[in-house]
Structure formats: structure tokens, C-alpha cells
Amino acid sequence: MTPLLLRGRLLSFHRAPASLTDTGSYLYEEDGGLLVEDGRISAVGAYAEVKAGAPETVEELDHRPHLILPGLIDTHVHFPQMQVIASYAANLLEWLNTYTFPEECRFVESAHAARIATHFYDEFLRHGTTTVAAYCSVHKASADAFFAEATRRNMLMIGGKVMMDRNAPQGLLDTPQMGYDETRAIIEEWHGKGRNHVAITPRFAITSTPEQMSAAQALAQEYPDLHIQTHLSENHEEIRYTCELFPEASDYTDIYARYGLLGRKTLLGHAIHLSERETDVLSQTGSVAVHCPTSNLFLGSGLFPLKALERREKPVRIGVATDIGGGSSYSMLKTLDEAYKIQQLLGERLNPLDSFYRMTRGNAEALSLVDRIGTLEPGTDADFVVLDAAATPAMRLRMETVKTLPEELFLLQTMGDDRAVTETYVAGRPMKSNLLAPTLGA
Ligand code: GUN
Ligand code: ZN
């Protein structure tokens, strides 16, 4: 691969910003250079310096005056739910039973899964997202399609076939043994191939019998380095029913604790309505609560106490995510815009530096992948997003009065969407500009 030198305004976080004036928390290079060799970042800094050290054969791409950030990261999405978005339901359980479970049944067909996989990656790339942690359907074919397409595009993806053996239509059920065997087969086939990471994925306690939870526990013990992803305390009716199904557990979180499923690689979708005891368990085990703001508002699930969870003496680790298709946007900009509004309703502040930290480095830390993605550090993978805060007439007009970087970021978050994404790079290759026009019949 020819070495590539990108020029633009670089932004990358060293740590979570403590305040809007915490300039030490990030690197900002007004005329920056980013050298990419063999899919990795080999140098970063002032353009003139990086250029001086670059090989003679280097190809240059000038993105000025746009911002170049690490590729955006989404820590909770559902691959088989692209055609579930915008389904009209009163609440989570009605939405699952009426629309989501029937739709996921279609992923038994490899051809359908392969077609949706193409659209799935196209859409995330269009929105500047280069890594997602995804739930596939119960069918092995869906995980195969998910990872085959990720491999083809050389994208760093986390995914797993959901394990579910009760409380869903027949076409969506495995058994404890099948869930175990197929997850193992997917791990053996895909984990570590290309940039793929397989996650152990018991969907949630309602759809797994105690026997299947034990099978998930066995997988977690056999593969202790893998991510585990599931849902926790999203909706009051869900919590009540879950606790009824596991009467021996002291609460919802205790169910996962009893099956050894909590830890630093565990991603718990939603986690909105937690008791003090449950919050303590999450912080003690280092498990990650994944905030899905557009979904929580769309399904009326509740207001996630993000700032309160982080203010604790021992904070809870937090990721942010779209939760497609309970979520209503593929955009991490829109996702943080809604996260901001939820904190406003709770009387808390979420500042724009903090938001952009979360879409990038924060989510990489939540996934324990910050050594690979989420920053512009040399040695890490060359996944980037190029953002234009004047992408639409209304944004351009508002930009006339913007004076500072935080103001520009806040404008991007509040008014931006896929139109603000000028380019998306995966392992050093421009992807968004090379997407084919969507072929919906295909
Ligand atoms: N809980 C269990 N499955 C799901 C799902 O697909 N979406 C959401 N939002 N919550 C869930
Ligand atoms: Zn989910």
C-alpha cells in the first residue's frame, strides 16, 4: 500500500476532558499531518514536520479546513434490525414481539443476511462509524454474513450470534447445546481473522433458560478474553418479568453475576434502572453500562443517569451507542445530541468535548480496544472520520458565528448527521467516497 499523508485539523483525546477548558485532555493540530503506512498511523503532528519525515513516494490528501478524528465507535447495535427502525410500539416488549422477533426470523436465509450486511456497513461508513459491537440474529448464518462482509472491508468489528432458547418465536430459538456449539464454531471460524472480534452474546435473561445461561458461562470460562454482551434493566416491565424468571437472584444484575458474566469485557445494553447495589456490582466488576439515548427515548424506556454514574466514588464504566434498530439514527453525532438532551432533563451537563471523547476514545476504552482504535496515536489502526461543520446551508450560516473548537463540535453534534461526514477511512483506505450508490433491489 502506498504511504498516505492526510492534511487537516486533527483532534484526538488523551483522556476524558475534565471540563470545557481542559485543553490538556486532547491533541488539536490546526494544520496537522497524519501519515499512514500499511493500515496503521506511523506519524502524527504538525503537517510540515510529518511531511518532512514522510517517504518520497507518499500520496497526499488535503482535507483542510475539515476536522480529522479517529473513526467513530458504536458500542451496541443489532445487525438484523435495519428494517425494524421506525416501528410504532408502546414499549420494549411490544416492540420486540410485534416487529423485531419476526424480522430477525428472516436471517435464517444466508442470502438475506448477506444483502443486509452490505447495507449495514455502507450505512455506518456513511455516518463515519468504523467499529460497532453488534448482536447478530440467533442463526449462525447471520454471524457468518456479518463477519464475511467486515473481513471484505477490513473493518474492526465485534459481533456474536445471540443465544436465545425461550420466550421468542420458534424460528428464533436455539437450545443450550446449539447456542454453545454454534458460538464456538463462530469463534473458531472468525475470531482473530482479519480484524474480527467475536462476542459471547446471550440476548438477555428473558430469552435464555438457566441451562443456556450456564452454557454462556462455560463459553466465558473457555474464552476469557472475549467480549460478552447482553441487555440489562431497560424497561420496568422487562425487569419485573426477568426477576420472576430467576427468583433466586436478588435483582437483574445478580442473574448475570451468578452465571459469571460480569467483568471488564462485559457490555450491558441500557442499564437504566439500577439500584445502588447493582450499580456497586457494575463498578466493582468493571462491567460497562452502554447508554443508548435515541433508543431509550424512542421506546420510552427511561433517562439514563450518565453523569450520576460517573460521579460516584467508584464510577461505572460507560459506553454510548445507537442501538439500531430500537435506536432511531445511525449517527453517533445524533446519538450524543440526544444524550446531551437526556442529561439536560436530569439537570446535568454533557459538554461537547466530553461528547466527542465518548464517540472516539471513550468508546474504545469501554471496549478495551484503545491500543488499536479511538485515537490518532502512532501505531494504532488508521480508521478516521473527516467532519465538515458547514455541511449544510443552515450549518454554514451558524458556523459564521462560531469562534472556538468546542463551539464547532457542539454545532456538529447538534445539527450534524451523515451530511457532515466528508470521508471515512478504514485501515487507511477512503471508504465513504467509494461506496456504490445504494442498490435497494439488490
Ligand atoms: N432487549 C433484548 N433484545 C433487545 C433488542 O433487540 N433491543 C432492545 N432495545 N432491547 C432488547
Ligand atoms: Zn440492544
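Position 1 is the first residue of the sequence; numbering continues from there. Remember, predicted model here, so these are calculated numbers, not experimental data. Atoms within a ligand are numbered from 1 in the order they appear, just like the ligands themselves.
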Which class fits the ring pair His76 and Tyr135: parallel under 30°, tilted 30 to 60°, perpendicular over 60°?
tilted

Matching residue for Tyr252 among His273, Glu278, Glu238 - test: side-chain hydrogen bond (donor to acceptor under 3.5 Å, both in side chains)
Glu238

Using 2.8 Å as the threshold, say whether any N, O or S atom from His76 sits that close to the Zn ion (ligand 2).
yes

Counting only heavy atoms from other residues, nucleotides and ligands, does the tally under 6.0 Å from NE2 of His236 exceed 12?
no

Indicate yes or no for a side-chain donor-acceptor contact from His66 to the backbone of Val386 under 3.5 Å, with no hydrogens or angles considered.
no

Hey, is CZ on Arg419 packed in by over 12 heavy atoms from elsewhere, all under 6.0 Å?
no

The Zn ion (ligand 2) to His231: nearest N/O/S atom name:
NE2

Is it true that some N/O/S atom of His78, main chain or side chain, lies under 2.8 Å from the Zn ion (ligand 2)?
yes

Quick one: does Lys265's side chain have a donor or acceptor within less than 3.5 Å of a partner on Asp225's backbone?
yes

Donor-acceptor contact present, side-chain Asp388 to main-chain Ala420, <3.5 Å
no

The answer, listing residues by chain and number that come under 4.0 Å of ligand 1 through any heavy atom, is His78, Gln81, Leu92, Trp95, Leu96, Arg203, Phe204, His231, Glu234, His270, Asp323

